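Before any comments, here is the structure.
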Amino acid sequence: MHPQEVAQMFSQIARRYDLANRVLSLNRDRLWRRELVRQAAPRPSERLLDVCTGTGDVVLEFARVCPDLQIVGLDLSEEMLRVAREKFARWSLDRQVRLVQGNALELPFADDSFEIATMAFGLRNLPDRSRGLREIYRVLSPGGRLLILEFALPQSLLVRSFYLLYLRYFLPYVGGLLSGSRTPYEYLRDSILSFPQRAQILEELYAVGFRPVGYRDLSLGIATLYWGGKVIC
Ligand SMILES: C[S@@+](CC[C@H](N)C(=O)[O-])C[C@H]1O[C@@H](n2cnc3c(N)ncnc32)[C@H](O)[C@@H]1O
């Protein structure tokens, strides 16, 4: 799917996106983002870029634990950013966080601009993952780190078979009821099913230049946290 079509789909459900996340993940999504922040171990005055920031939940989590971080959130969907903007105003974060409308495949930032980059549930949506990862590598400063949160299929066959039932029958139906549109949740199901397995993502990170790379499964392997560092030359 073209990036603009993906963004349009998210714009359609922006107002209900957070509610659908909470219900469909049984509130696990909050814990996953918290884990991402813990692994990133932000330090005061570091610069953070959250790619595909959506309604800004990753940013909120960082701002909560590290009020001195300088944060930029980027997303292609203006509607998702609008929800994020309203949320940040409620939390008085408008001065700590800058939101930018832009494409993850052409990041509008200079080389070496950030010490931390994150992307939660965005990688699946990029039509050219390698290009997206190369862009992140470029804007990270040497010694910087990338954290990616993404859905995965559980490695245990038993858990996976239950999860596949959930994906095929429950997710599109309930997602449709909660958000008012079933299409994005059919897309979500299909993109999870076709997303490469862990070893391939590690290879892709490595091919771009990230060292070391690694991953850890969360919630029985429904989600996976990947990381990679930009080497200091
Ligand atoms: C599943 S949401 C994830 C939002 C948020 N990171 C979270 O944790 O809930 C994916 C987001 O990626 C954005 N997106 C998709 N393709 C993009 C692209 N090429 N460039 C920037 N944002 C993109 C969508 O607009 C959407 O807001």
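Residue numbers start at 1 and run along the sequence shown. Note that these values count all heavy atoms, side chains included, but never hydrogens, waters or copies made by symmetry. Predicted, not measured: the structure shown is a model, and the values here were computed from it. Whatever order the structure lists ligands and atoms in, that order sets their numbers, starting from 1.
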Side chain to side chain donor-acceptor pair (under 3.5 Å) test vs Q12 passes for just one of S179, S77, S181, namely S181

Tell me whether R15 is salt-bridged to E86, with the criterion being a basic N under 4.0 Å from an acidic carboxylate O. yes

Got an N/O contact under 3.5 Å between A120 and ligand 1? yes

among protein heavy atoms, the one nearest atom 20 (N) of ligand 1 is A104 N, 2.8 Å

Cation-aromatic face contact K230/Y137, 6.0 Å, 45 degrees: yes

Tell me the protein heavy atom at minimum distance from atom 22 (N) of ligand 1, and give that distance in Å. L76 N, 3.2 Å

Proximal atoms of ligand 1 relative to N125 (non-hydrogen, under 4.0 Å): 10 (C), 15 (C)

Salt bridge between R198 and E150, side-chain N to carboxylate O under 4.0 Å? no

Close-contact set for ligand 1 against G102 heavy atoms, below 4.0 Å: 20 (N), 21 (C)

Nearest-contact summary for atom 23 (C) of ligand 1 - protein heavy atom, Å: C52 SG, 3.5 Å

Shared ILVMFWY cluster between F114 and V58, side chains joined below 4.5 angstrom? no

F121 heavy atoms, cut-off 4.0 Å: which ligand 1 atoms fall inside? 1 (C), 2 (S), 3 (C), 8 (O), 10 (C)

In this structure, atom 11 (C) of ligand 1 is nearest to the protein heavy atom D75 OD2, 3.6 Å

Heavy-atom contacts with R33 under 4.0 Å: which atoms of ligand 1 show up? List them by number with element. 7 (C), 8 (O), 9 (O)

Give the residue and atom name of whichever protein heavy atom lies nearest to atom 15 (C) of ligand 1, and the separation in Å to one decimal. V6 CG1, 3.7 Å

Part of L126 within contact of ligand 1 (heavy atoms, under 4.0 Å): side chain

Are the side chains of L123 and Y226 in touch, meaning some heavy atoms are under 4.5 Å apart? no

Tell me whether I192 shares a hydrophobic cluster with F162, the cluster being built from Ile, Leu, Val, Met, Phe, Trp, Tyr side chains joined at under 4.5 Å. no

Any idea which atoms of ligand 1 are less than 4.0 Å away from a heavy-atom of S77? 25 (O)

Under 4.5 Å between side-chain heavy atoms, hopping through other hydrophobics if needed: is there a path connecting V97 to L74? no

Over 60° means perpendicular and under 30° means parallel, so tell me whether W32 and F121 are parallel, tilted or perpendicular. tilted

Check D18 with K87, please: is the shortest side-chain N to carboxylate O separation under 4.0 Å? yes

Sub-4.0 Å atoms of ligand 1 with respect to non-hydrogen atoms of N103: 18 (C), 19 (N), 20 (N)

Tell me which one of W32, Y17, Y187, F10 gets a heavy atom nearest to atom 3 (C) of ligand 1. Y17

Location of contacts on M119 toward ligand 1, heavy atoms closer than 4.0 Å: neither

